[in-house]
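To keep things clear, I will list the structure first and then write my remarks on it.
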Number of protein chains: 4
Amino acid sequence: MTGTDEHEPKWRRLPEERPQQILDAAIEVFGDHGLADARLEDIAKRAGVSKGTIYLYFPNKEALFKEMIRQTVIDQLEQTERDLVNDRGSATDQVRLFMRWWWALMRRPDYQRIHRLVVGELQRFPELVEFFWDEVIVRRQLLLDRLIQRGVDSGEFRPVDPTTAGRIVTSMFSAHSLWACTRFYEKQELTDEIVFDQVMDYFFHSLSPAAVLAVAAPGRS
Amino acid sequence: MTGTDEHEPKWRRLPEERPQQILDAAIEVFGDHGLADARLEDIAKRAGVSKGTIYLYFPNKEALFKEMIRQTVIDQLEQTERDLVNDRGSATDQVRLFMRWWWALMRRPDYQRIHRLVVGELQRFPELVEFFWDEVIVRRQLLLDRLIQRGVDSGEFRPVDPTTAGRIVTSMFSAHSLWACTRFYEKQELTDEIVFDQVMDYFFHSLSPAAVLAVAAPGRS
Amino acid sequence: MTGTDEHEPKWRRLPEERPQQILDAAIEVFGDHGLADARLEDIAKRAGVSKGTIYLYFPNKEALFKEMIRQTVIDQLEQTERDLVNDRGSATDQVRLFMRWWWALMRRPDYQRIHRLVVGELQRFPELVEFFWDEVIVRRQLLLDRLIQRGVDSGEFRPVDPTTAGRIVTSMFSAHSLWACTRFYEKQELTDEIVFDQVMDYFFHSLSPAAVLAVAAPGRS
Amino acid sequence: MTGTDEHEPKWRRLPEERPQQILDAAIEVFGDHGLADARLEDIAKRAGVSKGTIYLYFPNKEALFKEMIRQTVIDQLEQTERDLVNDRGSATDQVRLFMRWWWALMRRPDYQRIHRLVVGELQRFPELVEFFWDEVIVRRQLLLDRLIQRGVDSGEFRPVDPTTAGRIVTSMFSAHSLWACTRFYEKQELTDEIVFDQVMDYFFHSLSPAAVLAVAAPGRS
DNA sequence: GATGAATGAGTATTCATTCAT
DNA sequence: GATGAATGAATACTCATTCAT
C-alpha cells in the first residue's frame, strides 16, 4: 500500500502518542467551551485525528472529559512533588517558595481551564470529586501541613492548626486565580507578582506570633 | 386554599408573576445543569408553565440565562445595601457583622448555584462580566472599604490599603463558598460556623497592628 | 371602566366591518408571504384586531385564506361585469377596451398578490380550483367570447373559435402580469403601456383575415 | 435485482450520488408542498437517507431549495443548448421545432413543479431571481432571437423586433404550462398537442407579413 | 489502526388555536 | 363581542456515536 521503498518521515504519528494528543486537544476545547458545549469534532480536528479515532481510545465524551481532568491533575501533582525543594531554610521561606511555585502553576492557561471546569462541572461526577479529593486536596494538604507545622514548631508562626492554615492560604490563591483571567485584574492594575506578594503578606501577618495577643476574642455579634 | 368546592383553582393567570416564576425555575435548572445542559422543558415544567410561555417573556434561552443572573445578583445586592447596619460599634465588630451577613447569603443554595455559574460560564458573555464588575464587585468593595478604613483610622487595624484587604477577605470566603457544597466539608467536619470563625480569625490576625513589626520583609527566594 | 360620560368617537369600529378588515389585511400578508409563511398575528395586527378576533369570523387559517381568495376574486368579477361597456364601436375597439380594463386590473398590487397565490398554492385546494374555474375562467371567457364572435361575424377577424382566441390573449396577459413585478421589466425598459400595446398588436395581427392565406399549414417536424 | 441471496444491498454508501439523490427528492417534495410546507424529514425519507445526511451536503433548508432550483434549471438549459438543432430549414420550421422541444420540456412534471415554485416563491430570493434572469431568460431569449431574426430577414415574418416576438410566444406557452396541470384542460378537452398547435397557429399568424396592412393602427380608446 | 459518512435521538423555537377574563 | 396569555404539536437543526471501508 505504502509503496515499495520507504521514504516516509522517520517517526510520523506514533500511535502511542495518540491518547495524549487527544487529551491535549481536549484540554483546550473543553476549557474554552465547557463539557456540554465542546464538540468532539473540534477536539478531533485540533488533535489532528478523525472523529472516529477518539473512540478507539475513549469510550465516550464523558470518559474523555474525566480522563482529561484526571490526567492533567495527576501530571501537575506529580510534578509538584517532584519539584518540591528539599526542606531547607526558614519555614517562612519554604512556604513562600512552595506557594510561589504553586501560584505559577495556577496561572498557566491550561490550569486555569481545568480549574474553571472543576469548579463548574465537577459536581456532576461524584467519582471525579472523590478522586480529586484524594489525589489533589489531600496530597497538597499534606505537603503544606509539613511546612506550616515546622513554622509553628520553630516559633516563626503562632500556634495554629496547620491544616486550617493551609486551607486558608489555599482559598486566597484559589479565588484570585479564578479572578485573574477576567478583566478585573487589568482594571485594578494587578499583576501576578503583586497579587502573590499581597496574599503572602496577609497570610504571614495572620500567622505572626505577635498578633496573637492583639486580636480580641471574637465576640459574637 | 382552593376554596370549598372549586374543582379548579379560582385564579390562574397571574401574568405579572410569570417572569419571576420562570426565573425562579431557571435558577434551579441552570444551577443544576449549567447553561448548555439545561433543558427549557424542565424549566417550564418546574415553573408550572408550558414551553411556549417562556418565549412570551424571554426571547431565547441565552437571554433567560442572562436575565436570571442579572436579576438574582441585583436582588441580592439591593438587599445587602438595604440591610447593612448603621455604623456602630468597633470596626472589628462591624466587619464581622457585615461578613457574617454576607457569608449567610453565600451559603444559600440559590447563591451557590449562581456563583458556580458565574465562575463557570460568565467568561463567554463579556457584557455580563462588565455588568457583574460594575454592580457587584465595585459596590461590594465600596461597602467594605468604608468599614476597613475606619478600623485603620481608629488604630484597630494595621495601616493597610482597604481595597486590598477587602479583596483578601473576599477571596477567602469566595473559595470556601465554592468548596462548601462538596463533600469536602463533611470529611473535615467543617460547618458554616466553624469556617466563618476560622476565616475571620485569620483575617483579623492579618490586620493586627501588633503583627506589623513581627513579619519580616519578604525576602525573594 | 369606560368612565361616566360617553365621549367616544361617534362610530368607532363597526363590527359589521370586521370580516372585511381582516380579509383586507389577509390579502397583504398572504400576498407577501404565501399561505404557509403568513402569520396570523401579522394579519391581526394589520387589521387592527387581536389574534382571537380572527377566530370569531373564520374557523381557521385555511378558511381565511380560501375566503380571501374567493372574496377578492368575486369582487373583481362583479366589478368587471358591472363596468363592462355596452357593446358599441368595432369589435377591435371593444376587445381593446375590455383588455385595457382588464390589464389595469391585473396590474393592481392586490391582484398581483392573489394571482401569484393562485398559481402557487391553489393546487392544494381542489374546491377552490373548482370555484375559480366556474366563477372566473368561465365567466371571463363568456364575456370575451361575445366580443370576439362579433368580430368574426363582422369580418374584422379571421374565422376562429372565440374560446381559443380568448384563451390565447388571456395567456399573454397572464404571463406578462406575473413577469411584470420582477425586475425584468426594468431591465427591458418595459412599461405597462408598452406591454399592453405589444400584446394587443400581436393578438390583432394573429386575428387578421389577411393573414389566413399567408400562413402555411403546419408541417410536422 | 438485489442478487440471489443477498439480504442486504451489496453497495450502500455512494457518497458521490448523495447530493443528487437529495436534490431529486427535494424537487418532488418542494414541488408538492412549496418551500415552507415541505418537511426535511420527507425529503430525507424519499431520498433514502436520514435527516442528518442532508446537512452533510447542504447547510440548511433554504440552501437546499435554492440549489435545487439552480441545478434543475441549469440542467435543463444545458440540455436545451446541446439539443438545439443545427439551423436548417425555414425559420418557421425552426421556430416550430424549437418551441416543440421546449413545450415538451415544460410539460414534464419536474419542470411543472419548478415553474410553479419559481412563480410562487422566487420573489423572496433576489439572488435567485438574478440568477434566473441571467441564466434562463436571457439565454433562452438569445436562442429565439436568432431564429426569429432569420425569419424576418427572409421575409417569412413581418418585420418585428425579435426580442418582443420571443417574449410574446414565451408568454403564451408559459401561461398555458401553468394552466395545463389543472383540471381546466380536461374540461376543455385540451391536449398538449392541441395546445401546441393552437399557440403556434396564433403566433405564426401574428407574424404573417400579409397581416401587416390589414391591422389598423391602434386607436387609443 | 484510521477514517468520515451516516445515523437519529434530542432540543430550541415557532405559531395556529383555545379560552378565561 | 374582544382580548391576548397560554398551550403544545410540529419542525429545523445539532452532534455524539457507529461502522463499512
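Convention: sequence-line order gives letters A, B, ...; per-chain numbering from 1.
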For [X] and [N], give me the distance from atom [atom1] to atom [atom2], rounded to whole Å.
X	N	atom1	atom2	result
Leu64(D)	dT11(F)	CG	P	16 Å
Glu17(A)	dA2(E)	CD	C1'	16 Å
Phe65(D)	dA12(F)	CZ	C1'	16 Å
Ile54(A)	dG1(E)	CD1	C1'	15 Å
Lys45(A)	dT3(E)	NZ	C1'	14 Å
His33(D)	dT11(F)	NE2	C1'	14 Å

Legend entry - Secondary structure string for DNA chain E (Watson-Crick or G-U under 3.5 angstrom, | for other-strand pairs): .||||||||||||||||||||
Inset, instruction - Answer yes or no on whether Arg113(A) is positioned over the face of Phe30(A), meaning its NZ or CZ is under 6.0 Å from the six-membered ring centre and within 45° of the axis. - result: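 No, cation not above the ring by the 6.0 Å, 45° rule.
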Inset, instruction - Tell me whether the OP1 or OP2 atom of dA5(E) has a side-chain N or O from Tyr57(D) closer than 4.0 Å. - result: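 Answer no for this pair, as no side-chain N or O of Tyr57(D) is under 4.0 Å from OP1 or OP2.
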Legend entry - Taking every non-hydrogen atom, the tightest pair across Leu40(C) and Ile54(C): O-CD1, 3.8 Å
Inset, instruction - Please lay out, stage by stage, how Leu35(A) and Asp37(B) fare under the test side chain to side chain contact (heavy atoms under 4.5 Å, CB included). - result: CA-CA 9 Å; Leu35(A) 170 58; Asp37(B) 258 0; 5.6 Å; no
Review item, nucleotides 15-18 of chain E N/O atoms under 3.5 Å of protein N/O:
unit_1	atom_1	unit_2	atom_2	d
dA16(E)	OP1	Ala38(C)	O	3.1
dA16(E)	OP1	Lys61(C)	NZ	3.0
dA16(E)	OP2	Leu40(C)	N	2.9
dT17(E)	OP2	Tyr55(C)	OH	2.7
dT17(E)	OP2	Lys61(C)	N	2.9
dT17(E)	O5'	Tyr55(C)	OH	3.2
dT17(E)	O4	Lys51(C)	NZ	3.0

Inset, instruction - Inspect the contact between Arg116(D) and Glu121(D) and indicate whether a charged nitrogen and a carboxylate oxygen are less than 4.0 angstrom apart. - result: no
Inset, instruction - State, with a plain yes or no, whether a side-chain heavy atom of Phe65(D) is found less than 4.5 Å away from one of Phe125(D). - result: yes
Inset, instruction - Would you check, one step at a time, whether the test side chain to side chain contact (heavy atoms under 4.5 Å, CB included) holds for Gln71(A) with Gln20(A)? - result: CA-CA 9 Å; Gln71(A) 200 236 273; Gln20(A) 193 53 50; 2.6 Å; yes
Legend entry - Test item: Lys61(D) side-chain N/O and Ala38(D) main-chain N/O as donor-acceptor pair under 3.5 Å: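 Yes, the answer is positive, given that a donor and an acceptor are paired below the 3.5 Å cut-off.
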Inset, instruction - Taking Arg124(C) for its side chain and His33(D) for its backbone only, find out whether a donor-acceptor pair lies under 3.5 Å. - result: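 Yes, the answer is positive, given that a donor and an acceptor are paired below the 3.5 Å cut-off.
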